[in-house]
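Here's the structure we're looking at; comments come further down.
Letters go in sequence order (proteins before strands), and every chain restarts at 1.
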Number of protein chains: 2
Amino acid sequence: MLIYIAGSGAMGCRFGKQLHEAGNDVILLDKWEDHIQAIRENGLKVSGDEEKVVNIPIMRPEEAKEQADLVILFTKAMQLPDMLEAIQDVIGPDTQVLCLLNGLGHQEVISKYVPEKNIIMGVTVWTAQLQGPGHVYLASTGSINIQSLNPDGQDKGKEIADVLSKANLNAIYDEDVIPSIWRKACVNGTMNSNCALLDCKIGELFASEDGLTIVHEIIHEFVVVGQAEGVALNEEEITDYVMQTSKSAAHHYPSMHQDLVQNNRYTEIDFINGAVSRLGRNHDIATPYCDLITQLIHAKEDVLIGKK
Amino acid sequence: MLIYIAGSGAMGCRFGKQLHEAGNDVILLDKWEDHIQAIRENGLKVSGDEEKVVNIPIMRPEEAKEQADLVILFTKAMQLPDMLEAIQDVIGPDTQVLCLLNGLGHQEVISKYVPEKNIIMGVTVWTAQLQGPGHVYLASTGSINIQSLNPDGQDKGKEIADVLSKANLNAIYDEDVIPSIWRKACVNGTMNSNCALLDCKIGELFASEDGLTIVHEIIHEFVVVGQAEGVALNEEEITDYVMQTSKSAAHHYPSMHQDLVQNNRYTEIDFINGAVSRLGRNHDIATPYCDLITQLIHAKEDVLIGKK
C-alpha cells in the first residue's frame, strides 16, 4: 500500500515509521529542509523505547506525484490548505485521506480537495517528540480511533483501520468519532492556550484555583457549542477526562507553549478555542472565554513574533 | 500642618518631599525596613529633574501616634485595610484623609475608619519611580484632582487643595472627581493587566490588533458598570483618553508588570478589573473580559509566587 505522510513532524514520523516497518510503501512529506536533508543522508533516527535508524524516503510536498492509496494528514492546522494544494496529484478518485490534525473544523477544508466518501476523521492518543532534524523520540503506547465521514466510505475506513492495526498502531473503527475529536480539542483548549499564556506547566495551571475556574468555563463553552453543532458531548464526562489528562501530563509544557513561548511560532489557536468562538457565533452562543483567550494568544503572537 | 504620608513608595515620596519643602511637618510612613533605614541614615535621595537629599522623618505605621491634620493614603490597594488599622491614633475627629490609591472601591474601606465628611477622594497624573531603598526618581510635571466625598467636607477639601498647590502639586478642587477616578482605573484595567499577562510594553499591546480588541471590550465593561453605579462616563471620551495615554506611555512597562513579572509580587487586580467584575455582579451586568483577566492574573500570581 502506498502511503504518504503529509506532515512529518514527531507524530508523522511515528506513524510513518510503524507503517513502513509493517511492509507498506511509506513516503514522508515535509517542508523543513534540515529535516529532509537529515533523513535523506542518515535515515530517520529513532530513540526512546528502541534505538535504531530507519531508512524511509522523504520529499517536499510538491515533489509527490504518485497516486496514493492512503494519505495521512499530520500538518499543523494552519498548514493544512497549503499541504492539500501541494499534493493534489497524489489524491486520486480512490485515495483515502485520514485526518489526524489537532483541533476542529478540518473537514470543511479537506472537502474542497477530497470526495467526502474518501475522508476519514481520526483522533489519537499516541505521542512522539522531535529531538531535532531527522531524530524522533518514541516511548510508551497509544491508540487511534477513526471513522469515515460518509457512510459510503465505511468499508474502506475499516480496511484502513486494519492497515493501521497491522502496524501496531491499535486502531479502532469508531462508529462515532466526532465526540472524541471534540474531547481532545477541549483538552487542548484548556491546557494549551492557558499554559502558553501563563508560561507554565499543565500541573501548575491545574493547581491554581483561578486556573481551574478558567478551565471549567472553557469546557462549558466547548460543550454548549459542540451540542449546538449536533455533537453528543457530556460536560461531566469531558471534565473528568480533562482532569484525568491534567494529572498524567502535569509535568509537561503543552505543544502550544513549545510553539509560542519556546520557539516563537504561530499557534493553532484559531482551530481550537478560536474554532469554538467561530462556531458559537453561527449559533448565537456567547463564548467570551474562548474569544478572549484566542485574542490574547494572537496578541502574544504579535508581541513575540510580529504580525502575520 | 502635620501631614502623614501613609505609604511612602515612589508617589508617597514625591508628595512627601514637595509638601515638606513647602514648610509642612511631613512624616513618611512605610513598612519596608530597608527603605526606612536608608532614609533615616542618609535622608531621602532625589534624582531626576533635580539631584538632592531631603531630610524627612519616616516611621513604621504603628509608631505614628500624633493626631494629623492630613493623612494622604498612598498604599498599594490590598495594603489599605492594614494601614488604616495601624494608624488609628493618627486619625482624629478633624483629620482630613485624602485617598490617592489606584483602583476602585476604596471609599467603602476608608469609611470604616474615617467619618465621611473627612474623606477626600483624588486622582493624580504625577509620576515617580523608586530606584531603590531611600532613592526616588522625579521627573516632569503633573496635577491632582480632589473632591470631598461629602458636601459637608467641601470647605476643608478646598483648603487641602490649597495646601497641595502651595507645594506645587497643581491641585484642582474638582466638583466631580469620581469619573476621573474611573477613567484612570480604566487606563490601568486595560494596560496593566494585559501587559502583565502578555509580558510586554504598553506600545506593544496597542500595536496588536487583537490587543486593541481586548482593550475596547474592557473599556466597554468599565463604562457600562460605572454608569450602573451612577458615574457619568462617556465611552468615546474614555477610549480617546486611553489611546492618548497609550501613546505617551508606549515605551513603559506598567506597574502591574513591574509587580508581577519583574518582582513576583501580588497585584492590585482585585481593585481594577476585579472591582468591575464585582460591581457588575451587583447590577447583573456580565463582565466576562474583566472576569477572565482577573482570573488569569490570579492564576499567574499562583504560578509565579504561590498561593496567598
Side-chain angles (χ1 to χ4, degrees), chain A residues 189-191 193-218 220-221 246 250 253 257 260-261 264 266-267 269-270 273-274 277 280 285-308, chain B residues 189-191 193-218 220-221 246 250 253 257 260-261 264 266-267 269-270 273-274 277 280 285-308:
Chain A
T190 52
M191 297 176 190
S193 38
N194 285 305
C195 290
L197 268 177
L198 299 173
D199 189 3
C200 70
K201 292 178 185 170
I202 291 163
E204 293 177 300
L205 173 67
F206 280 74
S208 160
E209 202 177 309
D210 285 277
L212 276 180
T213 303
I214 298 166
V215 164
H216 289 301
E217 293 284 343
I218 292 173
H220 182 71
E221 292 182 358
S246 77
Y253 289 104
H257 185 281
L260 183 58
V261 180
N264 292 1
Y266 292 110
T267 71
I269 193 74
D270 285 335
N273 305 77
S277 291
I285 296 170
T287 56
Y289 275 59
C290 284
D291 298 352
L292 176 50
I293 292 277
T294 302
Q295 291 154 1
L296 283 167
I297 290 286
H298 281 315
K300 200 162 172 90
E301 289 172 345
D302 289 341
V303 167
L304 289 175
I305 319 171
K307 286 179 199 287
K308 258 184 201 171
Chain B
T190 51
M191 298 177 190
S193 37
N194 285 304
C195 290
L197 269 178
L198 299 173
D199 189 4
C200 71
K201 292 179 184 170
I202 291 163
E204 293 176 301
L205 173 67
F206 280 74
S208 160
E209 203 178 306
D210 286 277
L212 277 179
T213 302
I214 298 166
V215 164
H216 289 301
E217 293 284 344
I218 292 173
H220 181 72
E221 292 182 357
S246 77
Y253 289 104
H257 185 282
L260 183 57
V261 181
N264 292 1
Y266 292 110
T267 71
I269 193 73
D270 285 334
N273 305 75
S277 291
I285 295 170
T287 57
Y289 275 59
C290 283
D291 298 353
L292 175 51
I293 292 276
T294 302
Q295 290 155 1
L296 283 168
I297 290 286
H298 282 315
K300 201 165 171 84
E301 290 172 344
D302 289 341
V303 168
L304 289 175
I305 318 171
K307 289 181 196 284
K308 257 184 201 169

Name the option with the most non-hydrogen atom pairs under 4.5 Å to chain B; the candidates are A/Leu296, A/Leu197, A/Thr213.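 Among the listed options, the one with the most contacts to chain B is A/Leu296.
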Nearest-0.5 Å distance that lies between atom [atom1] in [X] and atom [atom2] in [Y]:
| X | Y | atom1 | atom2 | value |
| --- | --- | --- | --- | --- |
| B/Ser208 | A/Lys300 | OG | NZ | 12.0 Å |
| A/Gln295 | B/Leu212 | CD | CG | 11.0 Å |
| B/Ile214 | A/His298 | CD1 | NE2 | 10.0 Å |

Identify which part of B/Asn194 has an atom lying under 4.5 Å from any heavy atom of chain A, answering side chain, backbone, both or neither.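 The side chain, not the backbone.
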In this structure, which one of B/Asp291, B/Leu292, B/Ile218, B/Asp210 forms a side chain to side chain contact (heavy atoms under 4.5 Å, CB included) with A/Leu292?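 Between A/Leu292 and the candidates, side chain to side chain contact (heavy atoms under 4.5 Å, CB included) is satisfied uniquely by B/Leu292.
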Using a 6.0 Å cut-off, check whether atom NE2 of B/His220 has over 12 heavy atoms from anything other than its own residue.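 At most 12 heavy atoms, drawn from other residues, nucleotides or ligands, come within 6.0 Å of this atom.
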